[in-house]
There are 2 protein chains.
Amino acid sequence: MTAPVAKTVKPPRKTGPRAVAKDASGARKLVKAAQSAGDGAPSETPKGPRAKAGEARKAAILKAALAVFARQGLDGASVEAIAQAAGISKANLLYYHPSKDALYLAVLEQGLALWLAPLSRFTEADDPAEAIAALIGAKLVLSRDHPEVSRLFALEMLRGAPLLKPVLAGPLKAVFDAKVAVIQAWVAAGKLSRVDPPHLIFAIWALTQHYADFAVQVRALSGKTLSDKAFMDETQAAITALVLDGARRR
Amino acid sequence: MTAPVAKTVKPPRKTGPRAVAKDASGARKLVKAAQSAGDGAPSETPKGPRAKAGEARKAAILKAALAVFARQGLDGASVEAIAQAAGISKANLLYYHPSKDALYLAVLEQGLALWLAPLSRFTEADDPAEAIAALIGAKLVLSRDHPEVSRLFALEMLRGAPLLKPVLAGPLKAVFDAKVAVIQAWVAAGKLSRVDPPHLIFAIWALTQHYADFAVQVRALSGKTLSDKAFMDETQAAITALVLDGARRR
DNA sequence: TCCATGTTTGACCAAATGGTCCAAGTTCGA
DNA sequence: TCGAACTTGGACCATTTGGTCAAACATGGA
């Protein structure tokens with residue numbers, strides 16, 4: 001078990017700014033974060049230099065934490081290791097993020113918008129082939145530029161998504177259903193072959209995320225990484241071609 | 001760190017049968033296992049009832065370990081938890097498998113053959129469409145019947161494949177290259193469209209494994225699981241159709 | 001039947017780890 | 001300039017956990 005249960009009622013002595021409640025169901029936080037994922041305005045409160053610096057440090061910690069969590073997993077990562085990666089002491093890290101779990105939640109929350117965004121970008125009015133190609137492109141860019149985010153979510157899925165399940169069942173399902181409808185409409189309008197919409201979406205996710213999540217394997221077998229411009233282009237072309245036209249000779 | 005380094009030289013007092021050496025590079029073991037993956041004969045030594053029972057118990061432990069490791073990861077799983085899942089005491093588990101790492105290695109080793117098998121099943125002589133469909137089918141069956149194996153390997157990839165890298169670079173790459181050549185030949189012979197062979201293989205892996213690794217998400221969004229016969233068939237059809245013919249209308 | 005060999009477990013140990021505390025700096029703003 | 005509030009980290013604590021050990025318990029074969 002990660003979080004030891006306090007025998008005695010611990011006095012809420014927390015001093016840190018914005019001590020995140022390690023509420024049993026941080027899941028709720030994630031759902032809210034997902035819902036407001038599109039909103040551009042992050043926060044309106046005017047900040048003094050103190051608060052701003054604090055915010056920056058908090059972000060730096062989050063960045064370090066993402067890197068470590070994405071590689072080692074929640075259990076494999078030690079707070080000490082994350083602190084070290086962030087260049088501060090463990091105690092100091094715990095000053096900004098009240099607990100390892102809270103930190104993990106914050107990291108997840110931070111990646112959520114990025115992770116959910118690409119799907120919400122096409123509508124019935126778009127040209128199917130273009131829209132699909134664009135979705136593939138967007139997800140692939142994400143796999144190249146933020147592979148840790150992809151890995152973190154993959155890790156979370158493999159765990160059974162204890163924290164994410166509500167997000168999946170709520171906000172994500174909403175977008176998903178909407179896009180399924182869009183694809184369905186395309187098919188009905190004869191603009192697309194008789195594909196199965198849900199599976200098409202799964203396919204695009206699987207194909208693109210694979211290059212982040214299984215990067216080691218891709219690298220071991222092909223010798224390349226998405227960071228190689230040529231390989232990136234080649235991959236995007238290959239996936240797009242496959243999804244749009246398949247492998248069978250016409 | 002998972003394995004505390006013994007300060008004093010610990011006398012090799014191990015009594016358990018077949019104490020697996022927790023050699024720094026258990027990776028070598030995996031490579032050997034992978035190479036002999038095809039061999040049917042498991043072992044020829046005639047066994048007394050004692051040894052046979054031991055073997056059975058060892059296998060039971062492996063099964064329990066697979067289940068736990070695949071969900072919790074190497075670090076998240078406690079030996080105690082695995083022992084409990086296997087219905088024995090921790091000390092007893094450690095009698096059969098000398099250390100957590102050795103157990104993990106054994107689990108990985110056990111899953112390896114299953115994991116590597118499907119790819120090695122097609123040759124240039126086969127009909128491309130049929131061979132590809134068969135590969136998809138085989139991998140999907142694996143995702144349905146042994147999702148834990150898929151998850152375990154996914155977990156390993158996400159960690160950066162510390163143990164598997166040699167397998168990837170060795171035996172797997174060998175098969176991979178061979179199959180790339182086969183696909184290349186098909187393309188050259190005009191039996192297949194101008195696909196990129198490596199990416200086609202990656203695609204098939206990604207598409208099929210997705211349903212095991214991201215099962216929670218698939219379930220949350222579609223409400224179905226591969227265990228549902230109808231969904232299984234539908235999925236297989238969808239993936240096969242996509243890979244062979246794509247989504248674009250002809 | 002008897003015991004050598006294999007099996008099982010509770011007790012125990014040391015290291016690692018999440019988290020707390022407090023004393024010693026910093027720094028902003030009045 | 002001065003102090004109240006914010007930061008920082010070393011020391012410390014309790015729990016978890018991988019692993020050991022010795023003593024009790026089976027059991028198959030002579």
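Below, chain A is the first sequence line, B the second, and so on; all start at residue 1.
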If I take atom [atom1] in residue [X] and atom [atom2] in nucleotide [N], what distance separates them, rounded to the nearest angstrom?
X: B/L94; N: C/dG6; atom1: CG; atom2: P; answer: 19 Å
X: B/I82; N: D/dG19; atom1: CD1; atom2: C1'; answer: 14 Å
X: B/Y96; N: C/dG6; atom1: OH; atom2: P; answer: 12 Å
X: B/I61; N: C/dT9; atom1: CD1; atom2: C1'; answer: 14 Å
X: A/L103; N: C/dG18; atom1: CG; atom2: P; answer: 11 Å
X: A/R57; N: D/dT7; atom1: CZ; atom2: C1'; answer: 7 Å
X: B/K100; N: D/dG18; atom1: NZ; atom2: P; answer: 4 Å
X: B/L93; N: C/dG10; atom1: CG; atom2: C1'; answer: 16 Å

Taking distance alone, no hydrogens or angles, what donor-acceptor pairs closer than 3.5 Å link side-chain atoms of residues 158-169 of chain B to residues at least two apart or in another chain?
residue	atom	partner	partner atom	Å
B/R159	NE	B/E156	OE1	3.4
B/R159	NH2	B/E156	OE1	3.3
B/R159	NH2	B/E156	OE2	3.2

Which atom pairs, one a donor and one an acceptor, fall under 3.5 Å between side chains of residues 202-211 of chain B and the rest of the protein, sequence neighbours left out?
residue	atom	partner	partner atom	Å
B/T208	OG1	B/I204	O	2.7
B/T208	OG1	B/W205	O	3.2
B/Y211	OH	A/H199	ND1	2.6

Enter the distance from A/K58:NZ to A/I61:CD1 here, rounded to the nearest 0.5 Å.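 Separation between the atoms: 8.5 Å.
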Of all heavy-atom pairs between B/L155 and B/A70, which one has the smallest distance, and what is that distance?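 Minimum heavy-atom contact is CD2-O, 3.4 Å.
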For A/L66 and A/E148, which heavy atoms make the closest approach, and how far apart are they?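 Here A/L66 and A/E148 meet closest at CD2-OE1, 3.6 Å.
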Record whether the side chain of A/K90 comes under 3.5 Å of the base of D/dG9 through a donor-acceptor pair of N or O atoms.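 Absent.
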As a test of reading the structure: which of D/dT17, D/dG19, C/dT17 is closest to the side chain of B/S78, going by heavy atoms?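 Closest nucleotide to the B/S78 side chain: D/dT17.
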Nucleotide of D/dC21, C/dG18, D/dG9 approaching A/A91 most closely (side-chain heavy atoms):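 It is D/dG9.
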Looking at B/N92, I'd like to know whether one of its side-chain N or O atoms comes within less than 4.0 Å of OP1 or OP2 on C/dT7.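 No, outside the criterion.
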For C/dG19, take OP1 and OP2 only and decide whether either is under 4.0 Å from a side-chain N or O of A/Y95.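 Indeed not, no polar side-chain atom of A/Y95 lies that close.
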Using a 4.0 Å heavy-atom cut-off across all strands, classify A/A77 as base, sugar-phosphate, or nothing.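 It contacts sugar-phosphate atoms only.
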